[in-house]
Each structure stands twice: as C-alpha cells, then as structure tokens.
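One structure below.
Throughout, protein chains are lettered first and strands after them, A, B, ... in sequence-line order, and every chain is numbered starting at 1.
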Amino acid sequence: MKSAALTWVWFPALLSLVLLSASPVYSQPLRDQMIAKAKQEGQVVFMGDLADELKNRLKGFVQKYPFIRFKSLEARHGEVVNRVAAESRVGRLTVDVSGMSLEDVTPLLRLNLLQKYEFPHLRDFPKGSQASSGLYVIGQMDPVPQGVYNTKLVPPGEVPQSWEQMVDPKWKGKSIVSRSRNTTVARLARLWHKDGNMNWERAMDYTRQIKRNEPALGGPGINVHVNRVAAGEFAFMWFPAIGSVSRVGVQGAPLGFIAFPKMFASYEIWMIFKGAPHPAASWLLVDYLLSPEGQFEYTDTVNAVVPMNQKGKAGKLGQWVIDRGVTLEKSELDEPDRVLEVFTEEDMKKSVDAYNSILGY
Amino acid sequence: MKAAASIPLRPFAAFFHGRVDWKSLWFWCLTLAVALFVIPPLGLLVLSSFRTVSLGELGFGLSKLTFLNYAEAYSDPKALAMLLNSFWFAVGSMAAAMILGGTLAFLSERTDLRFRGLIPLLVMVPLVMPSVVKGIAWIFLLSPRIGLVNQPWIALFGRPLISSSSIPAMVWVEGISMSPLAFLLIGSVIQRMDPSLEEAADGSGASRWKVLCRITLPLLTPALAGVGLLLFIRGIESFEIPMLMGSEAGIFVFSTNIYHALRDTSPPQFGLGFAYSMTLVGITGAGLLWYQHVLKRSERYTVVSGKGYRPRPFCLGSWKYLAWVFVIFYGVVGILLPFLILTWASLLPFYVPPSLDGLSYVSLANYASLLMSPDLWDALKNTMVLGLVSSGATMFLTVLASWFIYRTNIRHRKLLDTLIFLPYMFPGVILGVAFMIMFLSFENPVYNTIWIIVLAYCVNFLPVASRFTHAAVIQVHRELEEAAWASGAAFWRTLRHIWVPLLLPPLINGALFLLILSTKIMSIAALLQGPDSKVLSVYVWSLWNGGGTGPSSALSVLMICVLGILTLISRGLAQKSALGRQL
C-alpha cells in the first residue's frame, strides 16, 4: 500500500518536472534576463549576405523588441570573416551576429571567435540537428537543386531528371555556371562518396562532362545569372541558390527547378561573436530567428530555405520552392559535426582548383 | 598702443624670417601627410604578396615569408594569356575612351557646333551608372540570344550582329565607361588653350586639318599622355566588365582574378590576390616613369599666358554634319540604349526583354519601395558628406601639390608627385584592407564612421585629381604669378586671387568627377563601412544582392537624374566663372 502511494506521488511529480522543463515557461526567465540587458544595449549589428533584407523584412522582431535598433552591414562571408578576425584581434568588434553556410565557418572556429549560447527553441529542432560544440546554431537547411530552368524554353517533358540527362548534348551552349559555385566538385565528391570517402574521380569526371556541353562561364554571383535565365538568355543554370530563384520566382518569373534525388545541401547557421558589443540583443535576434514565427517570417520574406524548427512552417518564398520539387527528402547531407570533418579547408581548395581548371576559369 | 600690441609678434616673425623656408616647410608637411596614408597600403601590398597570411594575420609583420604566392600566380599556364588579354583590353578601351571623350571634348569646348552645351550632360550618364548594373544592361543589349541590338539582326540575317562576350563589345563598353573621364580631362585642357598659335597658323594659310594636326594636338600632348596613362591603368584594373562579359568567352584578365581572390573566396586569399596586384604595380610604375619623361619640358606646352585670351570657336563648316552623326551615335548607341534598358528594368520585378508581354509586369513598385526606405536616405546623406568632403579636400590638396611640383624648385618635389600617383598602383580593396588595419591599431574616433571612408577615398582619388590639377597648372604661365609677387602678394594671396580663379573650371570639373566617382566605388566602402555609415555604392550592391535587376536599376536611374542635375549646375558655375574672368 505504502509503495503504491509513493508511486502515485513521486511518479506524477517526476512527470510534472519533466513537462515543466520542456515548456516555454522554463525558458522565459532567460529571455526576460536578455530583454532587460538588451534594453540597455539598444541595438544589434548583423553583418553578412542579405543583411539589409533581414533588417528591412524581419518586422516581427522589430515589433517584438522595439527598443532594439537593428543595424545591418551588407557583406560577403569572406569579408565578414576578415573583418571579425581583424577587429577581434584588437578587441574592437563592431559586429554582433552573422549568418553563413556551415562550410564557411571553419576559419572562425579556428580563431576561436564564436561564443556559445543556449537557445530554448532548439528543443523543437530535430535530434542531432545541431553541432555538438554549440558555438553556432543551425537554423535552416539550404538544398541546392541541380538547376533552375526557364519554363518557356524548356517544356515540361524535357526537364532533365537525372545527372546524365543534364549533360545531354541537346543542352550544348544553352546553360550557364557561376564562378561562385566553386565548391561544387567537393560537394559532388561527397554526394557520390565511396564507403564514406570523397569520390573525387567521379566528381571531376562529371565536371568534365559539364564542360563538354560548353556552358557559359558566368562571373561571380548567383542573382545575375538567375535573372538571365528568367530573361530567356539561357535554358538553365547549374546549381542555383534557391533563395535567389524564389525572390524572382514569386514575382512571376518563368522559372522552375531541376531537382531530382539526390541533391546536395548545406546548413545555414547563425552565430554570435565572442566579445560582441551587444550580446543580449544578439541573443534575442538569434532566438527570434529560431522561433516558429521567426522561421516563418525569414522564409516568407527574406530567403527560401527549409526551416528546421519542427513547429515552424515555410513562408511564401520557402513554399514556392517546395511546390517546385525542392525538398529535404531529395537532399543528402551529413550530420552537422561530420560536415566540417568531411569538408576540410584543403578539400575546399582542391575543389576550387579543380572547378576553375576543368571549366576553364 | 596698436604699435605696442604688435611689438611681441615682430621679433617672432623677424626671428624666423630668412631662417625658415616656408615654402619648403609646407611642401614637406604636405609630402609627409600624403606619405602617411599612401605608403602603408603599398607596403602592405608588397609585404603580404610575400607572405602566406591567414585570417587574423594580415598586417605589417614579417612572419611566413614565401615566394609561393608568386609561384601559384605566375606558374598558371593561363598567366601569359591573362596578361595579354589585360593589356589589349586596356589599350583598346583607352583608345576608345580617348577617341570618344576627346572628340566630344573638342566639339564641346572649341567648335561652333550648335547645342554643344548638352554634350557634357550626355557624357556624364555613363559615369553615373553603377558598374554592375551597367554591365548587365549591356549584356541585355548585346546578348547573342535576347539582346535588343541583336534581335533585328537575328530576324533579318539569322545570326547576331555582335556578342556581349567578345573583346570588341568589352572594349566598347569600357571605352564608353571611361569616356567621361577622358572628356573631363581633355576638356579642361582645351578650355585653357590659347588660340593665338592656331590663329597664327590659320592666318598663314594652314588648313583646319593642318592646324589640328600640327598645332592643336602637339600642344595637347602632355595632357593626352597623362589621360592615356590614367585610362590605360583604369582599363588594366577594371574588373566588372571583364567579369560579367569576358569570362563567358574565356577572356580572363588579371583584375578578375584579383577580385576573386580578395573578395569572392572564403577566406580571402590575400597572398595570391596581392601577388596578382604586383603586376599592376609593375605596369603602373613603368607608365609613371614614361609619363614623367614626357613631362620633363612642361614649359613648351604652356598655353595660358598673362596676355588676355579668349578661346575662339573652331568653325566646323560642312564638317558639322559628321560631328552631329558622331554625337548622335554616341548619344543613342552609347548612352540612350543602356539608359532605356535600365529604365525598362527598373519598372519590372525581374528582367524581361522589351516586349508587349513584358508590359504586363510594368509598375512603379521598385521606385515606391526605394523612396520609402530609410536606408536610401541614410545612404544618400552619407554619400553627400563623403562625396563633397573627399572631392573638395582632394582637389585642394592636389592643387597645392601641383603648385609645388610645377611652380617651385624645391628639391625632391617629384617625390610628392610619385607619392600622389602611388594609389593608382593598387586596387581599392587593398586600400580598404590597409586602412582597416591601420585604424584598428590605435584608438581613434574615425574607425567605423564615415570619416575613415572619406580619408580612404581622398587617398584613392589623389592620382585622378592630380591629373586635373597638373594639366591645368602646366598650362598657366609663370608670368601671372610673378606679376603678383612683384606687386607684393604673398603665397596664399596669389593662390586665392590668381590661381584659384584660373583653375576654377578644371577644379569644378575634377570635383564633380570625384563626387560622381564616390557614388560608385564599392570595394573600399564595403570594407570600411560602419553600421551608421552606409553609402550609395554599397546600397546598390545590397539591392542587387537581395532584389536583382529591378530595385538596383531603379536606384541607378534616380542617381543618373540627380547627378545629371548636379552636372548642369556645376557646368553652369564653371562657365559663369570663366565668363566673369573674361569681363
């Protein structure tokens, strides 16, 4: 009798404790702490690609925290890394937060420039979706479809459905590649790995097949080439950024995706720098970007990536991409910790050299 | 009492009188100030080209010295082809710019062509267009598949007239881009020319063609040499047009590799980028030596003297029809077409070739969102500060420098000329990186503000500004200032009452050019910008990055209109000033 009574006492108590720790109520004191500090800080500085878009379109964040002035510095990720490294060396950091692809974070990790924080919303993310270090958070995934095509130039029945169809001689001279996609060879090598090892031979061979089809060698950047495909100058572009495509696609551009399994993908991460001048405001920004409403707003107005918060859903840009066949199920991506082991700086350099020399850059 | 109050000063002044060469003192102050900002970037460039620098290690240290960067850069089998492409592209675009800009300058300043006052306005348009937008506009015009220029040819002959991915197209676009600079530089010299030599030749029975070839052109030789050098170097450094148009045809130049190494890879490959940049240093250095040689006997080219002069219009006669064809061709093909394409693109959410179908997408949404964006007004405010201060300060410094170099016999004055020209040797991105490192190394109120960008732009503008002031100063004869000194005027008074009025038209032209240039240079501002110091050039880029052709084209169209108005006003001021002096 006594043991039964104890069971009915301690078990519900234990269950309540577990449920309570998982509830948002538990994280609220942390958020309140950050809000109090952020009111004193008064601003947050975000530097990176699409920084201005983020600042102008993340209205939910601005409304939720009106005491935080959101400032942006538009820059390529290389410039972010360089600036943060230089400023951190002398303890005069300007930038608080940035976002980039996971593969680009290695130099920042090497120089120990990132600060670890806890974020309650990560409980709603899939298990194993975050790096063990906690020095950055993975907010979304960015699948890279094989191509984007002009729907007026490529009839539905002729859209390539395999790697071999993409290098069919009928596309000779009708496609364009971007110089910015110079890590493609490494990504293909990983996609076609042999027993876990990079399959450089197959990746380089395929790149030579692409070259034999005489694609136009576009300069750096993705936007400009997507616009040229939309304008009808080329039938398709290789390995576009879904964000660039969706931003013109939702406005009516005649674009569709060449998206068959398996496509490679990357993780899009957010990070707060060590020594950031406004750490609490930075925390609130990243916290918002990880929240369901933040993930929706981000993919609704800023960038078409796949939100990872299981309580979140894709916004307009994200849904546009999903409706055209770019889904996570068709992607293959390593666990976050594995990504940096696989894509070392040497591998990236090898990929850049191979891409440039094979294609003719 | 008055005499008593002045007594303490007189011994002070008397003490230094005859002991201190004030001219030399000012000269050395100016030289040291310029050196302070010019030598570190060049030093960083040379030093880092011999180092394998990783992130966080870029600086003035001597660790990790190596020749590997040069080995990687110049062992590339494509290196020689790149060098030749760079050379021919630069030569071609220089020639195109000088022919276009020089001819227009002559027609505008020295002929009786009707409505020639509109030519300066016309010429400013290509200058104002941001490079990335200009490049894409020309691609949409000359694309072998959808280009507006090629569409009629494809319909008639089944093939395009010209491809955007060809050397002639690249040379044409770059030549158009640089023609405003050629126009301004050559124009300011032509404005100052004394026509008495031409009149004497004319009076002796020489034909107009002979006068042009035997009198006018030789008199312009130093100016043309300087302009040619400047344009050639700009052509070598230009990367937007080769990057957008040339790579598709396999035409690669050094500048695109520099850009790629320093800005487009992560992490940036500083050592490799700097090793490539050393090629530019070598070429620029050789060009500078040649230019100095040409200018050795500058007095031979004096054409503005103490005698009263008035430029006499060159009577074109029946040549005016050819002149009109030339102007209309430049205006329509070189300016109007890309401007129209830009305007068309600004009305669309994404680019659609001009067509009836495309009309369904037309709206003013891009303009509405732009004008309502606080970012635009912040960027505009910052850019005005940047443009006005940097152009004004640079022109002032270079006027002083030009005077010291060409009007004094101070020893080592050529050192100042060399220092002023040095920034032309290295790409703007290196200047930006160097300034960032310099201003991070000590506490100062400048870093992260608009003022660090102003300083960097001043340094970047020195070579260009000095071409305006050198050419102008060379042409003013010594007798004018000698007359002022003989009358008892001191240096600053002579500067204010003799030099500045005479030099005002080229100064205004130069300042205007720099002001417009300040709205376009992105590489420096992108590196040095702070959260509150965003400028238009970076804003255009961010619009392009986030929204594509529509929003960035809308901003470009607005910039062209505003700067066009500024050009009209400044030209009016310059002409009024010239007219006032004649009366």
Side-chain angles (χ1 to χ4, degrees), chain A residues 43 45 49-53 55-56 71-83 85-90 92 94 100 104 106-108 110-111 113 176 179-180 182 216-221 223-224 226-228 230-234 244 247-249 251-253 302 345 352 360-361, chain B residues 54-59 132 135-136 139-140 143 145-146 165 242-250 252 256 259-260 262-268 270 349-353 361 373 375 433 436-437 440-441 447-448 526-527 529-532 534 538-539 541-550:
Chain A
Q43 67 179 27
V45 180
D49 246 347
L50 299 177
D52 286 344
E53 287 289 298
K55 181 188 77 173
N56 293 328
K71 296 188 178 180
S72 60
L73 288 170
E74 188 82 21
R76 293 178 183 276
H77 50 75
E79 286 162 355
V80 175
V81 171
N82 179 47
R83 182 162 180 161
E87 290 181 350
S88 292
R89 209 154 63 121
V90 295
R92 292 168 64 184
T94 306
M100 58 182 65
D104 296 325
T106 307
L108 293 170
R110 183 164 35 83
L111 293 170
L113 295 174
I176 183 166
R179 190 167 185 170
S180 295
N182 50 22
L217 301 181
N223 266 340
V224 58
V226 169
N227 273 267
R228 294 169 76 180
E233 196 178 353
F234 299 99
S244 298
R247 279 191 290 275
V248 287
Q251 299 185 82
V302 183
E345 285 181 275
V352 169
Y361 276 113
Chain B
S54 307
L55 278 174
E57 293 175 351
L58 189 62
V132 66
I136 203 65
I139 286 174
F140 288 144
S143 162
R145 295 177 188 83
I146 62 167
S165 310
M243 184 173 74
L244 284 167
M245 297 171 75
S247 63
E248 291 174 32
F252 297 104
T256 48
Y259 175 86
H260 196 66
L262 295 178
R263 290 206 67 213
D264 207 40
T265 53
S266 177
F270 290 115
F350 56 89
Y351 187 74
V352 177
Y361 293 105
S373 166
D375 285 344
V433 170
M436 182 169 68
I437 292 169
L440 276 175
S441 60
Y447 186 75
N448 255 347
L527 283 163
Q529 62 175 333
D532 297 315
K534 184 172 297 181
V538 177
Y539 188 47
W541 169 256
S542 79
L543 286 176
W544 171 256
N545 213 24
T549 51

Let's go through B/Met245 and B/Ile139 carefully: what are the C-alpha distance in whole Å and the side-chain angles of both, what is the deciding distance for side-chain contact (heavy atoms from CB on, under 4.5 Å) to 0.1 Å, and is it a yes or a no? CA-CA 7 Å; B/Met245 297 171 75; B/Ile139 286 174; 3.9 Å; yes

Heavy-atom distance under 4.5 Å between the side chains of A/Asn182 and A/Tyr361, does that happen here? no

Charged N-O contact under 4.0 Å between A/Glu345 and A/Arg110: yes

Which atoms of B/Tyr351 approach chain A - backbone, side chain, both or neither, heavy atom under 4.5 Å: both

Name all residues meeting the salt bridge (Lys or Arg N to Asp or Glu O under 4.0 Å) criterion together with A/Glu233; count only those two or more places apart in sequence or in a different chain, and write none if there are none. A/Arg228

What option among B/Ser441, B/Ser143, B/Ser165, B/Ala526 has the most heavy-atom pairs under 4.5 Å with chain A? B/Ser143

Picking from A/Gln43, A/Glu87, A/Arg92, which has the most non-hydrogen pairs under 4.5 angstrom with chain B? A/Arg92

Interchain contact, A/Leu113 with chain B, by part (heavy-atom threshold 4.5 Å): neither

In Å and rounded to the nearest 0.5 Å, what is the CG to CG distance from A/Asn56 to B/Asp375? 4.5 Å

Region of B/Met243 in contact with chain A, defined by heavy-atom distances below 4.5 Å: both

Quick check on the interface: out of B/Val352, B/Val538, B/Asp532, who has the most heavy-atom pairs with chain A under 4.5 Å? B/Asp532

Between chain B and each of A/Met100, A/Lys55, A/Glu79, count heavy-atom pairs under 4.5 Å; write down the option with the most. A/Glu79

Does some side-chain heavy atom of B/Phe350 sit less than 4.5 Å from a side-chain heavy atom of A/Val226? no

Which region of A/Val224, side chain (C-beta onward) or backbone (N, CA, C, O), has a non-hydrogen atom less than 4.5 Å from a non-hydrogen atom of chain B, or is it both or neither? both

